[in-house]
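So you know, we letter chains A, B, ... as the sequences are listed, proteins then strands, and number each from 1.
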Amino acid sequence: MPSSMASASAADPSLPALLLAWYDRHARRLPWRTPPGGPAPDPYGVWLSEVMLQQTTVAAVIPYYQRFLARWPTVRDLAAAPLDDVLTEWAGLGYYARARNLHKCAMAVTERHGGVFPDTEEALRDLPGIGAYTAAAVAAIAFGRRATVVDGNVERVMARLFAVEDPLPGSKGELKRLADTLTPDSRCGDYAQAVMDLGATVCTPRSPSCLACPWQAPCAARRSGIAEELPRKDRKAAKPVRRGVAFWLTDDDGRVLLRRRPEDGLLGGMIEVPSTPWREGSPWAPEEALEHAPLRGLRWTPLPGLVRHTFTHFHLELTLVAATAEAAQPPAAARWVALPALGGEALPTVMRKVVRAAVAGL
DNA sequence: GAGCCGTGGTG
DNA sequence: TCACCAAGGCT
């Protein structure tokens, strides 16, 4: 077979060069990046952005990244902050265990490493919230280490370039090995970002722009006409619906009752409007729901509307009931909060929807 | 290994 | 409307 027709070979040294040349022309300018070929960016900013970018889009991350960096310019500043402040600043970004681990990691870097991020994959991997992907990304981007970065983009690009037809997640190991064979020894940070940029902007999940791809010639899936079908994936289970009743309780001064969720699990450590448990199956009968009310002996009235929200593995439907308590002490683990102060609370998006629905319904 | 863990955009 | 998807990590 003529070399010009050869499909991707793991040993082909021209593949990284082709990609880097493309990246030199097409790299997106992002707040946590330095230009291609330039000095490496600050490890703190790289780490912060990579944690925020876990399963999260660039567009969603940018404003959060800017606010975090302005409020806590160094890892020491972040380590010294109260966890509550970090959770409040993170509210709306999702996957709140990331925020708790971010704070833990900042404290570990400050206390165990003197405020300086370790510069090897292995040492980074030992820090909270840093897994295989993030350790490789920080090592390559911030420290120029040769490290094979494998995220969803890289898996898709490798599956197509080498026409791997075995479905994910079973093919993860194979895709990682293929990615590793391509990883160059120089310009490690640029290369890592280049593969991910390629996946994000050219080798997209649907309607990939193969004509704009620096790897179009060697791409085995494109040649077979199956690029858009790869990577294959096993079907995911359908999401069940869970239902609950939220209690909008205000006092004489119009303040609303809020409480903190348990530290672990769904929305761990975040602030919420009290509610019944969220259960799958039958809707809550009124008298049944009131057994879970935060205060007894109140006259609850239904509010119009239904709050819908989708989590990773279930849909949620919340109805609202409202009551007023006269000069009541807040129940244990709960407190009264004035409505104008809600912006400063660690309210996840689903709870901001509850607030909006309650205010609109009263 | 597989389930859990948010949110917003997209087709 | 709805399933899929995004620079994953933890248990």
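Rounding to whole angstrom units, NZ of residue A/K233 and P of C/dC4 are separated by 10 Å. Going from atom CG of A/L316 over to atom C1' of B/dC5 covers 15 Å, rounded to whole Å. B/dC5 atom P lies 22 Å from atom CE of A/M52, rounded to whole Å. The interatomic distance linking A/Q55 (CD) with B/dG6 (P) rounds to 12 Å, in whole Å. Whole-Å rounding puts the A/L168 CG to C/dC5 C1' distance at 13 Å. Rounded to whole angstrom, the span from the NZ atom of A/K236 across to the P atom of B/dG3 amounts to 12 Å. Whole-Å rounding puts the A/K353 NZ to B/dG8 C1' distance at 10 Å. When rounded to the nearest whole Å, the span between NZ of A/K239 and P of B/dC4 equals 12 Å.
When each of B/dT7, B/dC5, C/dA6 is scored by its nearest atom to the side-chain atoms of A/T312, the top-ranked nucleotide is B/dC5. Set against C/dG9, B/dC5, B/dG6, the side chain of A/H313 has B/dC5 as its closest nucleotide. Closest to the side chain of A/H309, out of C/dG9, C/dA6, B/dG6, is B/dG6. Considering only the side chain of A/T134, C/dG9 comes nearest among C/dG9, B/dG6, C/dA3. Listed candidates were C/dC5, C/dC4, C/dC10. Nearest to the side chain of A/R235 is C/dC4. The side chain of A/T349 sits closest to B/dG8 out of B/dG8, C/dC5, B/dG6. Here the side chain of A/R206 is nearest to one of B/dC5, B/dT10, B/dT7, namely B/dT10. Nearest nucleotide to the side chain of A/Y95, out of B/dT7, C/dC5, B/dC5: B/dC5.
The aromatic ring centres of A/H313 and A/F311 sit 6.0 Å or more apart.
Contact annotation for A/W32: base contact, defined as any heavy-atom pair under 4.0 Å involving a base atom. In this structure, A/L267 reaches the sugar-phosphate backbone alone: every heavy-atom distance under 4.0 Å involves primed, P, OP1 or OP2 atoms, never a base. Among the heavy atoms of the strands lying under 4.0 Å from A/A132 are primed sugar atoms or P, OP1, OP2 only; no base atom is included. At the heavy-atom level, A/L102 lies nowhere under 4.0 Å from the strands shown. As judged by a 4.0 angstrom heavy-atom cut-off over every strand, A/R352 is placed among residues making no nucleic acid contact. Here A/R100 lies out of heavy-atom contact (under 4.0 Å) with every strand. If you check every strand for non-hydrogen atoms under 4.0 Å, A/P169 touches nothing. Nucleic acid contact for A/G92: sugar-phosphate only, since backbone atoms but no base atoms lie under 4.0 Å from a heavy atom of the residue.
Nearest-nucleotide positions on DNA chain B for A/L347 and A/G170 put A/G170 closer to the 5' end. Nearest-nucleotide positions on DNA chain C place A/T57 closer to the 5' end than the other of A/I130 and A/T57. Each of A/L53 and A/L127 was matched to the nucleotide of DNA chain C holding its nearest heavy atom; the match closer to the 5' end belongs to A/L53.
The base of B/dG6 is paired with the side chain of A/T56 by a donor and an acceptor separated by under 3.5 Å.
For A/W22 (side chain) and A/C213 (main-chain N/O), no donor-acceptor pair under 3.5 Å exists by modelled atom type.
Across A/L342, A/L258, A/L87, A/D84, a single residue satisfies side-chain contact (heavy atoms from CB on, under 4.5 Å) together with A/I271, and that is A/L258.
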Exercise for review: Report the C-alpha distance between A/E317 and A/V241 in whole Å, list the side-chain angles of each, state the deciding distance to 0.1 Å, and finish with yes or no for side-chain contact (heavy atoms from CB on, under 4.5 Å).
Suggested key: CA-CA 7 Å; A/E317 293 180 0; A/V241 177; 3.9 Å; yes
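Taking the six-membered ring where the residue is Trp, A/W215 and A/Y191 present tilted rings, their angle falling between 30° and 60°. Using cut-offs of 30° and 60° on the angle between ring planes, the pair A/F117 and A/Y44 is tilted.
OP1 and OP2 of C/dG8 both lie 4.0 Å or more from every side-chain N or O belonging to A/Q54.
Between A/R71 and A/D77, no side-chain nitrogen of the basic residue sits less than 4.0 Å from a carboxylate oxygen of the acidic one, so the salt-bridge criterion is not met.
Rounded to whole Å, the separation between the P atoms of B/dG6 and C/dT11 comes to 14 Å. Taking atom C1' in both B/dG1 and C/dA6, the straight-line distance is 23 Å, to the nearest Å.
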